[in-house]
Every structure is written in structure tokens, then in C-alpha cells.
> 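The structure that follows is given in the form of C-alpha cells.
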Amino acid sequence: MTVTYPDGSTVQLKKGSTFLDAAIAISEGFARKVLAAKINHEFYDLNRQIPGDASVTFMTFDDEAGRKLYWHSTAHVMAAAVKRLFPDAKVAIGPAIDEGFYYDFDVEKPFTEEDLEKIEAEMKAVVNEDSVFEREDISRKDALKLFTDMKEPYKIELAGELEDKNVSLYRLAGFTDLCRGPHIPSSGKIKAFKLLSSAGAYWRGDEKNRMLQRIYGISFPDKKMLKERLEWLEEVKKRDHRILGAKLELYSVDEETGAGLILWHPKGSIIRETIENYWREEHRKRGYELVFTPHIASERVYQRSGHLENYAENMYSPMDIDGTPYYVKPMNCPGHIKIFQSKMRSYRDLPIRLCELGTVYRYERSGVLHGMLRVRGFTQDDSHIFCTPEQAVDEVIGVLNFVVELMGIFGYTFKAYLSTRPEKSLGDEQSWESATTALKEALKRTNVEYELDPGEGVFYGPKIDIKLRDVLGRLWQGPTIQVDFNLANRFDINYIGKDGSEHRVVMIHRVVLGSMERFIGGLIEHYAGAFPVWLAPVQAVVMPLTDAQRDFAVSLVDKMRLVGLRVDLDDRNEKINRKIRDAEEMKVPYMLILGKREIETDTVSLRKRRDGDLGAVPVEDIIERIRVENKEKTRD
RNA sequence: GCCGAUGUAGCUCAGAUGGCCAGAGCGUCUCACUUGUAAUGAGAGGGUCGGGGGUUCGAAUCCCUCCAUCGGCUCCA
């Protein structure tokens, strides 16, 4: 038979040859790397026979599919180890995830740290045995009987739901699992792995179900890769905004004040204020109008908006004002709508772009709170654009261009997702169709690449989600652009058209930063606390060597502050080494060292954080340098 | 909310099996030193041992309960 490789070359193999044979035909070395094979979109284990003439693609750890099956296979190894150590454990599911794998088990007692170590040791044994993954195709009926005999209720449930008449089983080291496959040929292919954590997880993610114990892990074909991965995790830990936020005195959360409520300290406030000022400027430039709306509103408006119907579980209990219940606002939309409706609007007035740094409060379950990233009170950089249907595409384009520019300033790249109509949703098919088309058109015309996220839209309209990629390659929820039919209808938001009659507006809801809390929390990690000059709470510290330079230092600080720079004086009775160390620890971009020599020559010894000594520089040049970076928003 | 872990000075952490006034380093304050590119030295002050309740002659240590934090599940700006 003829096997065709992806590059178009072919090889003749005798009938009954396996995929491994086809890989060996390329080279022994390549065959060692190959994990599984694919014909069209169907995956095959390497030891399976090639069904006939075919175009075969091989998967290795270098491609995503290969990594996933490698990790998934490691999950099997882990399950085999767990079953050996805990024969009563019931197995649930064990998929690969973006970075690694997990397996859920139903056990009497949650796993402890020591258990994980034991499981790791047992996994090593399974790997050393170089156990082969054996596939068996059986009827669904037989599978059900098998898992009933094995007393594996979760597998019975899963097998019972499969549509196919036949299902596949995989056996490894005495452990039999219901699994579609494919797998790596044998457990010996796993060269390096580590179990990372265990935690409770509901069966099928539903809190009404029993809680299982999930173990997370990661594996690699090379010890070095595991080491790099563990170092990466260390780096993530070092950048944790909760640690850096405290160390750099940016914010705190206080138990007595309440969980999930951010206290912005002076240094954190400077960062926020700087971003907010920039944000306001950029919005005015683009024809947005800034507004303020109240923090509380009567229940009537939330009845009308539908929040009490659809969003009540995220809203706090009302307070009584003269017999009427009032709610703390969970969203800014009603306020903006009321401003729009305060007078008749002509098509000539549109688009109207109202924006607000609006602080909202939402109930979040205690277990989900997380530093600045998940809080109960936060300020959204919110905007609602009211426009005609014809203007919608251009408005979305405007927002996308805005996003591109703004995210570039912070050094983020991003990925866009278009979420379409979910099952539970409002509005007619035509509205959804035209709004989704408008979003697509805008993405196309701005050359923003996107992925489709079918059925992931909000109930009131389709949306574009933009995920930011930080320096460590992690994705963060960023800007969102949503078309909202619901509110436009509920509030009956109209404009007078050319024809003199009323028409429904198109309402576009969007945030660019998301919320100040989440955005800045993310920025802390993105920059590892070392904010660029324009955002740094302290841009420079002036350090006199001895008291003799103190007066000169004070006048230098004053001079720099006068031109708007954020400068501190470190005139503590400490050695210069100490002052430098402390400023480096606080991630201050510039250190200005003043000694006798400098004063004589009207220079300052300039030191850049992380880079070190830059030598003596005339005072004016230093001021200019920092001013330029401040103005240009230069990143390190 | 659920599962597990954790909570000792401003910070990082010691304090087996319950037993004299609860310790260290860093930071803070005071004094000395007047300093040349990542921690000068000495001294002093600082703790309801997360809150409440209980067991005990005696609790930071054991039990109950609440709160918060951390890792997840679910959800989300």
C-alpha cells in the first residue's frame, strides 16, 4: 500500500504495516519522537495497522495535538498509579488541559501532600515498567458490563451516554479506562513529570454533584523542559500581584473593611490616576463624552433593565429609602441610558458615546476572591455607544482601533474571540444575524484576527472578547465589545430618523481596560512590578552621598517636581549601597547619586534600575531624559 | 458556596507529645558613624498567638464555631 506523508513524498509498505513502520520509514530518529498518527481527522495509535492507502500525519510533542495526547497519556499513568495505591478510588475523567493534565478521583479522604509524593513514586514505577497502552474495541454493552463489574460508576455513566455502538478501552499497567485515544505507545515515553497540586472538583463541574479529588500534573519528553516549566512557575509566583502589591505599597485588602474590597494606597493610586487621566484624554480625542452616574438607584430602574430578573444573585440586598428599595449599582448601563433619554435625539446627534469610570459592586462568592483580579467592588472603564444600525460597523471599528493603540502602549499583544448566539437568549434571529455580521465586518476591516466562540455570547447580544497576552504568554480577560438588543428594547431607546419617525438605536457596550482593579493587577504581573517611567509611582530617587550634598539634593528634587516628575529624596543616614538596594527593591526606574564630584561639575551620577551605573550626566540632560520617557510612555 | 490547606510582632518565619514573663531576622525608633553604585554598627520599642466559645489546675498548642487568606471547582470586569 502507499502511504503519503505531509510533504507529498510517498512510501510503499506491505499490507499490515503499522503507523510506527511508516514513521521508521522516514527515519529511526523521527520514529522515536513520534507519539501518534492521524489520517484526515482521525487519530491512531502507532502500533495500529494502517488501514490502506492513506495520507498520514504524525504527531510529536512539538505540536499541540501531540502535547495533549502526551499529557493525557500521563493522566492514564497517574490513574494507574492511584489505582495501585488506592484500590477503592473510583476514576472519573482525566483530560489534557492547556498546560498539563488532571485526573479526577472519588476517594474517601482527600489526597495529602504525602499521597502525591507516593503517587509520583508509583508513577515512576509504571514509567520504568515501560508498560504498553493496549487498545481494545468492544461493544458499548460489553463496556457497560465491564465497568459494572469493576464498580466504576463514573465510567458507567460516561459509557452510557456514548452514542456509538462500539467504544474503545485502553489498558495500561493493570488499569483499564474508557477512552477514545490515541495514546503514546508506552509509558516509558514519559521522561519527566511532576504532580503539581490536588484540589476538590465537582463531578462534571456541577456543584449539585459529588465533589471529587482532582490531581493536576505536567509531563515532558525531556527533563530540561520540565525544569524550565518549573522555573516558569517560579517566575509566575514571583510576579504575583498580591505579593508585589504589598511589597511595593500599591494596595491592600483589610479583613475588617471586608473581603474583596481594595484599599488603594498612595503609590497604587498614582498608577491608577495616571492611567485614568490618559484614558480620559484618549476618549475625548475619539469623540466620547465623560459622565458620572449615581452609585445607588431605585429598584424601578433595575426592574426595567431586567437586572433584578437576570442578575439578582450578583446584586447586594437593597437599602430602604423612604419606603422604596434602592440597590448599589452592579452595572453602569441604566445611568447612561437615562442620560441618553433625557431629551429627544435626532439621527444627526448620533453616534453618542457616553463613557464613565464607573464603580460597581457585585456579589462574588467568597471562594473566588483573588487579590485585585477578582473583587466585590471595582471601577469599570465603561462606555455605551448609541448609534444607528448603519453606524454600528464603524463604531465597532473605532473601538477596535482604540484597543489596538491602547494595548500597544502597555506592551500587550492580544487575541480576539467572536462569541455568537447562546442557547438561552433574547431577540429575534435577524437582530442577531445583523449584529454578528457587523462585528465580523469590523474585525475583518481592522485586520484583527479572531477565533469563533460559538454560543458563547451574552443572552442580550453577540460580543467580541479580547484576551491580552502578557510577557509570560499568559492570557488575561481584556476588552469586550457587546451589542445589546435587550436594553434598547426594554428602555425603548429611540432616535428620530430622517423620515421623522422613531427608530430603535443600536446600543454597543464596551470596556477597554475592563476594570481598574483587574487591569492594574494584571499590569503588576506583566511588568513584574517594574512599571515604566510614565506609570512608576516614584520615577527617580535622589541620593546624596553625605549630608554635605543634602541642600543640593533638596533643590534638585524641587526642580524636578516643578516640571511634574515624581521624585523622592533619600537623605537617610545610610551608605549609598543601601540606598541603591532599597530603590532597586522598590523598582524605582532611576537613581540620581550626588557626591562632591558631581556637584563640582553640575552633573548627577545616573543609575538605571537593573542596568546599573550610567555614569555622570549633566542635570538638565537627566531631567530631559526622564521627561521624554514620561511623555512618550516609553517601556523599558 | 463547596473540598483541602493555612492564620504567631508591620513583613518572613521558629515555637514535638498542652506547663516558667512567646522567640529570631528584616522593617520601625534612638545613638554613633558621613559614607562612591544592591543591606554600617550598637541599643530600644513592638504580639488580644485571626475572632468567639469550650475542655483543663493550666491552651499559641486539644475540641466546636465564625472570619480571612491560599490552591481548585463554578462564575466573572
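Residue numbering restarts at 1 for every chain, and letters A, B, ... go by the order of the sequence lines.
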> For nucleotides 10-17 of chain B, which of its nitrogen or oxygen atoms have a protein nitrogen or oxygen under 3.5 Å away, and what is each distance?
none

> Quick one: side-chain hydrogen bond (donor to acceptor under 3.5 Å, both in side chains) partners of A/Tyr251, sequence neighbours excluded?
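Not a single residue meets the side-chain hydrogen bond (donor to acceptor under 3.5 Å, both in side chains) criterion with A/Tyr251.
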
> Are the aromatic rings of A/Phe101 and A/His72 close, with centres under 6.0 Å apart?
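For A/Phe101 and A/His72, the ring centres are not under 6.0 Å apart.
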
> In residues 611-618 of chain A, which ones come under 4.0 Å of RNA chain B, going by heavy atoms?
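Heavy-atom contacts with RNA chain B come from A/Asp613.
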
> Base, sugar-phosphate, or nothing for A/Leu545, non-hydrogen atoms under 4.0 angstrom?
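Counting heavy atoms under 4.0 Å across all strands, the contact made by A/Leu545 includes a base.
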
> Kindly write out the residues that satisfy salt bridge (charged side-chain N to carboxylate O under 4.0 Å, His left out) with A/Arg365, not counting sequence neighbours, or none if the list is empty.
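Here the qualifying residues are A/Glu207.
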
> Which side-chain hydrogen bond (donor to acceptor under 3.5 Å, both in side chains) pairs, counting each pair once, include a residue from residues 194-203 of chain A, with sequence neighbours left out?
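Those involving residues 194-203 of chain A are A/Glu157-A/Trp203.
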
> Can you give the donor-acceptor pairs under 3.5 Å from side chains of residues 585-595 of chain A to other protein atoms, not counting sequence neighbours?
{"unit_1": "A/Tyr590", "atom_1": "OH", "unit_2": "A/Arg625", "atom_2": "NE", "d": "2.9"}
{"unit_1": "A/Tyr590", "atom_1": "OH", "unit_2": "A/Arg625", "atom_2": "NH2", "d": "3.4"}
{"unit_1": "A/Tyr590", "atom_1": "OH", "unit_2": "A/Glu629", "atom_2": "OE2", "d": "2.4"}

> Classify every nucleotide of nucleotides 39-44 of chain B by which part a protein heavy atom approaches to under 4.0 Å, writing B for the base, S for the sugar-phosphate alone and - for neither, in 5'-to-3' order.
BB----

> Can you sort out the partners of A/Lys338 under side-chain contact (heavy atoms from CB on, under 4.5 Å), two or more places apart, ordered by chain and number?
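Scan of A/Lys338 (side-chain contact (heavy atoms from CB on, under 4.5 Å), adjacent residues dropped) gives A/Val301, A/Gln341, A/Phe491.
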
> Let me have the donor-acceptor pairs involving side chains of residues 260-268 of chain A, under 3.5 Å, with sequence neighbours excluded, atom names and distances please.
{"unit_1": "A/His265", "atom_1": "NE2", "unit_2": "A/Ser252", "atom_2": "N", "d": "3.4"}
{"unit_1": "A/His265", "atom_1": "NE2", "unit_2": "A/Ser252", "atom_2": "OG", "d": "2.7"}

> Atom pairs, N/O to N/O, protein against nucleotides 45-51 of chain B, distance under 3.5 Å?
none

> Could you write out RNA chain B as a dot-bracket string, with dots for unpaired bases, | for bases paired across to another strand, and Watson-Crick or G-U pairs counted at under 3.5 Å?
(((((((..((((.....[...)))).(((((.......))))).....(((((..]....))))))))))))....

> For residues 311-318 of chain A, dump all side-chain donor-acceptor pairs below 3.5 Å to protein atoms at least two apart in sequence or in another chain.
{"unit_1": "A/Tyr311", "atom_1": "OH", "unit_2": "A/Arg362", "atom_2": "NE", "d": "3.3"}
{"unit_1": "A/Tyr311", "atom_1": "OH", "unit_2": "A/Arg362", "atom_2": "NH1", "d": "3.3"}
{"unit_1": "A/Tyr316", "atom_1": "OH", "unit_2": "A/Arg362", "atom_2": "O", "d": "2.9"}

